[in-house]
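Read through the structure below, which is laid out as structure tokens, and then see the notes.
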Amino acid sequence: MSAAPLDQPFMARALELARKGLYSTHPNPRVGCVIVRDGQIVGEGWHARAGEPHAEVHALRQAGDKARGATAYVTLEPCSHHGRTPPCADALVNAGVARVVAAMQDPNPQVSGKGLLRLMHAGIAVHSGVLEAEARELNAGFIKRMEQGLPFVRIKLAMSLDGRTAMASGESQWITGPEARSAVQRLRARASVILTGADTVLTDQARLIVRPDELGLNAELTALAIDRPPLRVLVDGRLRVPLSAPFYQTGPALVATCAAASARDRFLEDGHELLAVPGSNGHVDLRKLLMELAGRGANEVLVEAGPRLAGAFARAGLVDEYQLFVAPKFLGSSARPLLDWPLARMAEAQELEIRELRAVGNDWRIIAVPKRP
Ligand code: AOF
Ligand code: ZN
């Protein structure tokens with residue numbers, strides 16, 4: 001079945017709906033659906049939270065009888081499996097939809113193509129691949145987890161125009177302005193996991209929480225964002241951070257360590273979880289940690305860490321995206337680099353591709369992705 005002239009604008013609307021789930025669908029993908037009959041939208045839906053109805057179900061409910069003979073636009077192949085909810089492919093068949101347009105196949109091995117096949121076998125015209133690049137970008141984390149068993153890793157960094165990340169004294173709050181900090185709050189809220197290291201928690205008294213009043217979102221999305229906050233993960237290979245640190249006092253956290261397990265009970269008593277990860281010289285094996293987090297359903301991990309931990313992620317080739325906030329000020333001399341990454345020759349430099357450069361308040365944000373050799 002081929003594309004029709006209005007497929008793109010209707011899919012664009014379905015993607016707009018899917019984006020409403022940016023802060024809340026974890027571990028599920030963000031999905032939107034539009035039902036169109038005689039050129040008119042008769043139903044719209046989006047997936048809000050795991051365990052709740054999928055996008056198609058909301059849209060079909062709104063469309064009611066008008067779904068018969070209609071076209072359904074879905075940003076992800078309708079599911080064919082019984083998960084927390086019944087298969088959407090069956091719901092579309094039962095509603096008498098005549099045509100289904102999907103942006104992309106579902107990378108979930110439980111579905112991957114089977115949803116579209118089920119629709120075809122029921123005599124429904126099926127087309128996939130409309131605005132696929134946009135749909136893939138929206139769920140890059142879910143796709144990477146399904147395909148590679150690893151989450152999408154985004155590192156947030158902030159520096160002054162003279163490339164400093166702190167004063168010589170270590171003081172670093174705040175380099176960027178309120179708009180940039182609000183953007184960082186949204187990066188936190190969309191992540192499944194916010195990950196940091198012992199250095200940051202010890203020197204900055206970091207808590208890594210989502211603050212609803214700083215999100216800059218409407219009431220509906222704010223409520224969804226704070227209802228299922230990201231898991232806070234502390235990488236503390238040698239268990240240097242005391243339980244009295246503000247990080248541990250702000251709610252349950254997961255601490256990943258390669259230290260002896262004898263400390264376990266004291267974390268459990270405080271409501272935290274201690275995860276033993278293999279490592280060497282007091283350094284946790286970050287790839288193994290990420291695999292463990294993906295196993296727990298983490299799609300996107302936001303790393304907010306100092307130069308050593310951020311550098312370790314970079315060196316290991318585990319970073320998918322850097323978001324660098326640059327403040328228009330000079331902080332003067334200080335030794336702290338952005339990333340601890342000893343490279344001797346220009347030929348060894350990590351090449352990046354800049355995807356976006358835009359003003360955020362008085363600061364600038366650069367989104368860059370590593371060029372893979
Ligand atoms: C869809 N529409 O809106 C979403 C889909 O446990 P469940 O029942 O919520 O199923 C989760 C899986 O369903 C998820 O891993 C992905 O494959 C698919 N998500 N599918 O047809 C939706 N959110
Ligand atoms: Zn479904």
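Quick caveat: nothing in here was measured; it's all calculated off a predicted structure.
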Report task. Start with the C-alpha distance between C79 and V111, add both sets of side-chain angles, then the distance that settles side-chain contact (heavy atoms from CB on, under 4.5 Å), and finish with yes or no. Result -> CA-CA 6 Å; C79 65; V111 182; 4.1 Å; yes
Report task. Look up atom OG1 in T25 and atom CZ in R30, then write down how far apart they are to the nearest 0.5 Å. Result -> 5.0 Å
Query - Side-chain ion pair, E300 and K144, N-O less than 4.0 Å - result: no
Query raised in the report: Is there a path from L338 to V303 through hydrophobic residues (I, L, V, M, F, W, Y) whose side chains come within less than 4.5 Å of each other?
Result: yes
Query raised in the report: Should the heavy atoms of other residues, nucleotides or ligands under 6.0 Å from CD of E137 be counted, would the total exceed 12?
Result: no
Report task. Of all the heavy-atom pairs spanning P87 and R118, show the shortest one and how long it is. Result -> CG-NH1, 4.2 Å
Query raised in the report: Okay, side chain of T257, backbone of D236: is any donor-acceptor separation there less than 3.5 Å?
Result: yes
Requested in this report: Report the distance from atom CG of D285 to atom CE of M291, rounding to the nearest 0.5 Å.
Outcome: 9.0 Å
Requested in this report: Calculate, to the nearest 0.5 Å, the distance between atoms CD and CZ belonging to E292 and R287 respectively.
Outcome: 15.0 Å
Query raised in the report: So, are D106 and K114 salt-bridged, with charged N and O less than 4.0 Å apart?
Result: no
Query raised in the report: Which atoms form the tightest heavy-atom contact between L293 and V301, and what is the distance?
Result: CD1-CG2, 4.5 Å
Query raised in the report: Is atom CG of D213 surrounded by more than 12 heavy atoms (other residues, nucleotides or ligands) closer than 6.0 Å?
Result: yes
**Report entry** Any donor-acceptor N/O pair, T75 side chain to G32 backbone, under 3.5 Å
**Finding:** yes
**Report entry** hydrophobic_cluster_shared for V319 and M159, side chain cutoff 4.5 Å
**Finding:** yes
Report summary line: Minimal heavy-atom distance between S160 and I175, with the atoms involved, is N-CG2, 4.0 Å
Requested in this report: Over all heavy atoms of both residues, which pair between Q350 and L343 is shortest? Give the atoms and the distance, please.
Outcome: N-CD1, 4.3 Å
Query raised in the report: Should we say atom CD of Q40 is surrounded by more than 12 heavy atoms from elsewhere, each under 6.0 Å from it?
Result: no
Query raised in the report: Is there a donor-acceptor contact under 3.5 Å from the side chain of T222 to the main chain of P212?
Result: no
Query - Between N28 and H47: side-chain donor-acceptor atoms closer than 3.5 Å - result: yes
Query raised in the report: Would a line drawn from the ring center of F152 to the ring center of F142 be shorter than 6.0 Å?
Result: no
Query raised in the report: Nearest heavy-atom pair of R13 and I41: which atoms, and what distance?
Result: CG-CD1, 4.2 Å
Query - Qualifying residue for side chain to side chain contact (heavy atoms under 4.5 Å, CB included) with L22, from L221, L138, L224 - result: L138
**Report entry** Heavy atoms from other residues, nucleotides or ligands near CZ of R308 exceed 12 (cutoff 6.0 Å)
**Finding:** no
Query - Heavy atoms from other residues, nucleotides or ligands near CG of D162 exceed 12 (cutoff 6.0 Å) - result: yes
Report task. Tell me whether V284 is reachable from I194 by hopping between hydrophobic residues (I, L, V, M, F, W, Y) whose side-chain heavy atoms are closer than 4.5 Å. Result -> no
Report summary line: Output for pair (I226 CD1, L217 CG), nearest 0.5 Å, gives 10.5 Å
Query raised in the report: Thinking salt bridges, do K329 and D363 make one under a 4.0 Å N-O criterion?
Result: no
Report task. Identify whether L161 and Y322 are in the same connected component of the hydrophobic contact network (ILVMFWY, side-chain heavy atoms under 4.5 Å). Result -> yes
Query - CZ (R186) with more than 12 external heavy atoms under 6.0 Å - result: yes
Query raised in the report: Rounded to the nearest 0.5 Å, what separation is found between the CG atom of N139 and the CG atom of N299?
Result: 7.5 Å
**Report entry** Test salt bridge (charged side-chain N to carboxylate O under 4.0 Å, His left out) applied to E304 and R232, R154, K156, the passing residue
**Finding:** K156
Requested in this report: Before accepting this row, confirm whether a basic side-chain N of the pair R49/E52 lies closer than 4.0 Å to the acidic partner's carboxylate O.
Outcome: yes
Report summary line: Looking only at heavy atoms, the pair that brings L243 and Q249 closest together is O-NE2, 2.7 Å
Query raised in the report: Distance-only, no hydrogens or angles: does the S24 side chain make a donor-acceptor pair with backbone N or O of A48 under 3.5 Å?
Result: yes
Query raised in the report: Taking everything shown except R345 itself, do over 12 heavy atoms lie less than 6.0 Å from its CZ?
Result: no
Query raised in the report: Mind checking whether I209 and W174 sit in one hydrophobic cluster, side chains of I, L, V, M, F, W, Y counted as touching below 4.5 Å?
Result: no
Requested in this report: State plainly whether the residues E179 and R181 are in salt-bridge range, i.e. N to O under 4.0 Å.
Outcome: no
Report task. Indicate yes or no for a side-chain donor-acceptor contact from R37 to the backbone of R68 under 3.5 Å, with no hydrogens or angles considered. Result -> yes
Report task. Establish, from distance only, whether the side-chain atoms of D270 and Y248 form a donor-acceptor pair under 3.5 Å. Result -> no
Query raised in the report: Charged N to carboxylate O below 4.0 Å: is that the case for R188 and E214?
Result: no
Query raised in the report: Between H272 and F267, how do the two ring planes meet: parallel, tilted or perpendicular, split at 30° and 60°?
Result: perpendicular
**Report entry** Distance (rounded to the nearest 0.5 Å) between E132 CD and L76 CG
**Finding:** 10.5 Å
